[in-house]
Protein chains: 2
Amino acid sequence: MDDAPSRGAAFLVTQLGTHCAAKFAVRAREIGLTPPQVGILGLIARSPGQSQQAVATALGLLPSRLVGFVDDLEDQGLLERVRSRTDRRNYALQLTEAGRRKLGEIGRVGREHEQDIFGNLTDEQHTELVRLLQRVADEQGLTAGVHPGFRSLNSEVC
Amino acid sequence: MDDAPSRGAAFLVTQLGTHCAAKFAVRAREIGLTPPQVGILGLIARSPGQSQQAVATALGLLPSRLVGFVDDLEDQGLLERVRSRTDRRNYALQLTEAGRRKLGEIGRVGREHEQDIFGNLTDEQHTELVRLLQRVADEQGLTAGVHPGFRSLNSEVC
DNA sequence: TATTGTTATACTCTATAACTATA
DNA sequence: TATAGTTATAGAGTATAACAATA
């Protein structure tokens, strides 16, 4: 008897989630980004002009951590810090043209990633899996744009 | 347009996996254990008498990390280090009676965890979800007893 | 010489708190 | 006085490498 105990859905999701996160991190690094930076670019693409505070809150990471990520994205020429006219304390973060191009790369990488992990499912199976996961995620309050995994586990559970 | 982009299965699995891991860590802590320690106790229950090297390899964590976990489990009286007669360099790790009782608690906590996350699915939906996840996990080579999340992401992907 | 378990050291990552400039 | 962004410091967690005991 060397079998693992029958794995429940929770164990399988945890195991596969860790696996997916690790594989995606590799793909993100290949285009010069960390996973949180992918989230930052996507958020600014959807809602341009937000302050760093707003981005930090939306993604569930500390403002002090955000600084370094934005520094790097700015160094790469993917976004700009534009001082707000009305309140010169904060910035309005904007994608550059290169940032919009990078967004296309992110999309390509994301599709490759999805195919890599779930490519052996039929379309029907894939659709059913997404439906079930979406339902559970909604019930667990994960619908919002806040990405777990960017924030610490401690702040997650308190 | 403030919607997140349609979330693929990979994103959902990553998001839910992180969420599940965090919630399980809380439940494990309530019975005095860390997630790796849960894995250690389960492995020794299934295959008693293994050396620390064997356990470390099976769970994908470094032998030097294992020492502290086993120290704590021994302090709690849940397992014993028994010197091997044939090779006095290594130990044969054995559960104590208290360790076997703790295993029952782990089972209870695991069922509560599963119910907490997936309790709103019908039995048919739950079964279908497990089937799909199991299939993907198998194809990704996650069938073995090696638990990702105990080892570092770096060693995972290289 | 090789291996098991252990310890010591260094490194990475993250949280906390202090600081500045604006308001 | 309060807030946005930043920097500095400290702490937790982990990997690497050195070590003693045994083979």
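Computed from heavy atoms alone, side chains included, the values below leave out hydrogens, waters and symmetry copies. Letters A, B, ... are given to chains in the order of the sequence lines, protein chains preceding strands, and every chain is numbered from 1.
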Check: B:Arg89 side chain, C:dT3 base, donor-acceptor under 3.5 Å: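 When only heavy-atom distances are counted, B:Arg89 does reach the base of C:dT3 through a donor-acceptor pair under 3.5 Å.
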
Specify the separation, in whole Å, of atom [atom1] of [X] and atom [atom2] of [N].
{"X": "B:Phe69", "N": "C:dG5", "atom1": "CZ", "atom2": "C1'", "answer": "16 Å"}
{"X": "A:Asn90", "N": "D:dA2", "atom1": "CG", "atom2": "C1'", "answer": "14 Å"}
{"X": "A:Leu62", "N": "D:dT6", "atom1": "CG", "atom2": "P", "answer": "15 Å"}
{"X": "A:Leu59", "N": "C:dT14", "atom1": "CG", "atom2": "P", "answer": "14 Å"}
{"X": "A:Leu61", "N": "C:dC13", "atom1": "CG", "atom2": "P", "answer": "15 Å"}
{"X": "B:Ile40", "N": "C:dG5", "atom1": "CD1", "atom2": "P", "answer": "13 Å"}
{"X": "B:Leu66", "N": "C:dG5", "atom1": "CG", "atom2": "P", "answer": "8 Å"}
{"X": "B:Gln50", "N": "C:dT3", "atom1": "CD", "atom2": "P", "answer": "19 Å"}

Please identify each residue that fulfils side-chain hydrogen bond (donor to acceptor under 3.5 Å, both in side chains) with [X], with sequence neighbours left out.
{"X": "A:Arg85", "result": "none"}
{"X": "A:Gln76", "result": "A:Asp72"}
{"X": "B:Arg135", "result": "A:Gln125, B:Glu139"}
{"X": "B:Glu112", "result": "B:Arg27, B:Arg108"}

Only counting residues at least two apart or in another chain, list the ones meeting ring-ring contact (aromatic ring centres under 6.0 Å, His included) with A:Phe24.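 Once residues adjacent in sequence are excluded, the partners of A:Phe24 under the ring-ring contact (aromatic ring centres under 6.0 Å, His included) criterion are A:His113.
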
Contact letters for nucleotides 6-12 of chain C, in which S counts primed atoms plus P, OP1 and OP2 and B counts the base, heavy atoms under 4.0 Å: BB-----

What I want to find out is whether A:Asp116 reaches A:Arg111 closely enough, with some N-O distance under 4.0 Å, to be called a salt bridge.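 No, no charged N to carboxylate O under 4.0 Å.
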
To the side chain of A:Asp87, which of C:dA15, C:dA23, D:dA23 is closest?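 Minimum distance to the A:Asp87 side chain belongs to C:dA23.
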
